[in-house]
Amino acid sequence: MRHDYDVIVAGVGGVGSAALYYAARAGKKVLGIERHAIGHDLGSSHGHTRAIRLAYFEHVDYVPLLHESYALWEELERECGESLYRELGLLEIGPPDGEVVPGVLASAHEHGLDIETLDDGEISRRFPGFRAAPGQVGVLEHRAGVLFVERCIHAYVNTARKHGAEVLENTELLHWQASSDGVRVATSGGEFTSEHLIIAGGAWAGTLLGELGLPLKVLRQSMFWYTAESKVYTPEGSCPVFLFETPRGVFYGFPALEGRGLKVAEHSGGIPVKDPAKIDREIRTQDQRNIEQFLASYLPGMGHRLEGHAACLYTMSPDGHFILDRHPSHPRVVFAAGLSGHGFKMVPVLGRTLVKLTCAGGTNAPIDFLSLRRF
Ligand SMILES: Cc1cc2nc3c(=O)[nH]c(=O)nc-3n(C[C@H](O)[C@H](O)[C@H](O)COP(=O)(O)OP(=O)(O)OC[C@H]3O[C@@H](n4cnc5c(N)ncnc54)[C@H](O)[C@@H]3O)c2cc1C
């Protein structure tokens, strides 16, 4: 088969934009196919901000990937000449025997990370905007902060284009077919052939990888922005990124930044979605009530003046960990799926690893714990 491209990337959102860049930078002839415009707000990578942190409560094995992601974000900032990350610190609060605080401490212990532990009294003395319930513990990670999500995706795509990448926006990949000598893809903008295919379809990964029957569940989540009436909820007032494990669920947020209000969202819960293209984007009263109850209990100086809302998609794997692998029946096809609501910070390492799996034939990145074989 004569190949139009060395690599085709299906889906140019978080992971796909990074894969596009690393393939182009490796000198590959690469085409990205994206159903919407770059940086759109209909998938999983919009809403201004994403948290990045090292002391990962979800699994200690992410820490080496996080170290690499920090380095790769810095490298991208240098190359594109834009600021994509801001170090604000992260305060995580919860019961000492919950999931979050022990998980953070386990990662910090295993990987020698610098974490401060605070009791409930120290939390309100150091951070007057926050209130912890008696007996709750805080863990403070200074080297954590915020990535500006749409800016990151544009930075990857613009820089990839400078390295020669081509991108078809507003173009849908309809189906693909792999054989021993290449991959053929049919899109709404024509047919193309390639040596390799990288699938980074986010909430549509299950459809794009239909024959694998991936055990993915798509959830609708909501983000809310509220006017910060007090300086203690701004970076100038030393407000960090925050995450609370409470009896009513896990909530997190970001200080009021870049002219926007304080952002707050629930990480737990979520509404199962049948068709990710047809979700209800309106505010659900119950979601808003849950958020405002959280604010009243834990950020008592915040008013409830709502400035904005957006719906977004989590694509959950059964164990909440990513799936990053080669297609078991088609070695020319690799994919990332099931980022489970915590993948953005790691898109550099995910995109680069997918490119290595295809173009270099393999990777020594420590990703065995993310393989498809575990299901
Ligand atoms: C509310 C919310 C808050 C979050 N907070 C954080 C956080 O603080 N920190 C963090 O690290 N992560 C966070 N996440 C998770 C993170 O944002 C996602 O894991 C990550 O952005 C997903 O990237 P993706 O590339 O898998 O999906 P996407 O960025 O959605 O990209 C998939 C792309 O594929 C395209 N596509 C799909 N099918 C086709 C097709 N057939 N043809 C062409 N194109 C197609 C889609 O249009 C889309 O652009 C959050 C997610 C949400 C929803």
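None of these values were measured; they are calculated from a predicted model. Start at 1 and go down the list; that is how both ligands and their atoms are numbered. In this chain, residues are counted from 1 in sequence order.
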Applying side chain to side chain donor-acceptor pair (under 3.5 Å), run through Lys345 and Tyr56 and close with a yes or a no. CA-CA 11 Å; Lys345 60 183 85 59; Tyr56 224 59; 2.9 Å; yes
Aromatic ring proximity, centroids under 6.0 angstrom, Trp225 and Tyr233: no
Is any side-chain heavy atom of Phe251 less than 4.5 Å from a side-chain heavy atom of Phe242? no
Taking side chain as C-beta onward, heavy atoms only, is Glu166 less than 4.5 Å from Phe192? no
What does the 4.0 Å heavy-atom contact list look like for ligand 1? Gly11, Gly13, Gly14, Val15, Ile33, Glu34, Arg35, His36, His40, Gly43, Ser44, Ser45, Arg50, Ala51, Thr171, Glu172, Leu173, Ala200, Gly201, Gly202, Trp204, Leu208, Met223, Tyr252, Cys312, Leu313, Tyr314, Leu339, Gly341, His342, Gly343, Phe344, Lys345
Is the ring centre of His48 less than 6.0 Å from the ring centre of Phe148? yes
What I'd like to find out is whether the side chain of Val349 reaches to under 4.5 Å of the side chain of Tyr22, using heavy atoms alone. no
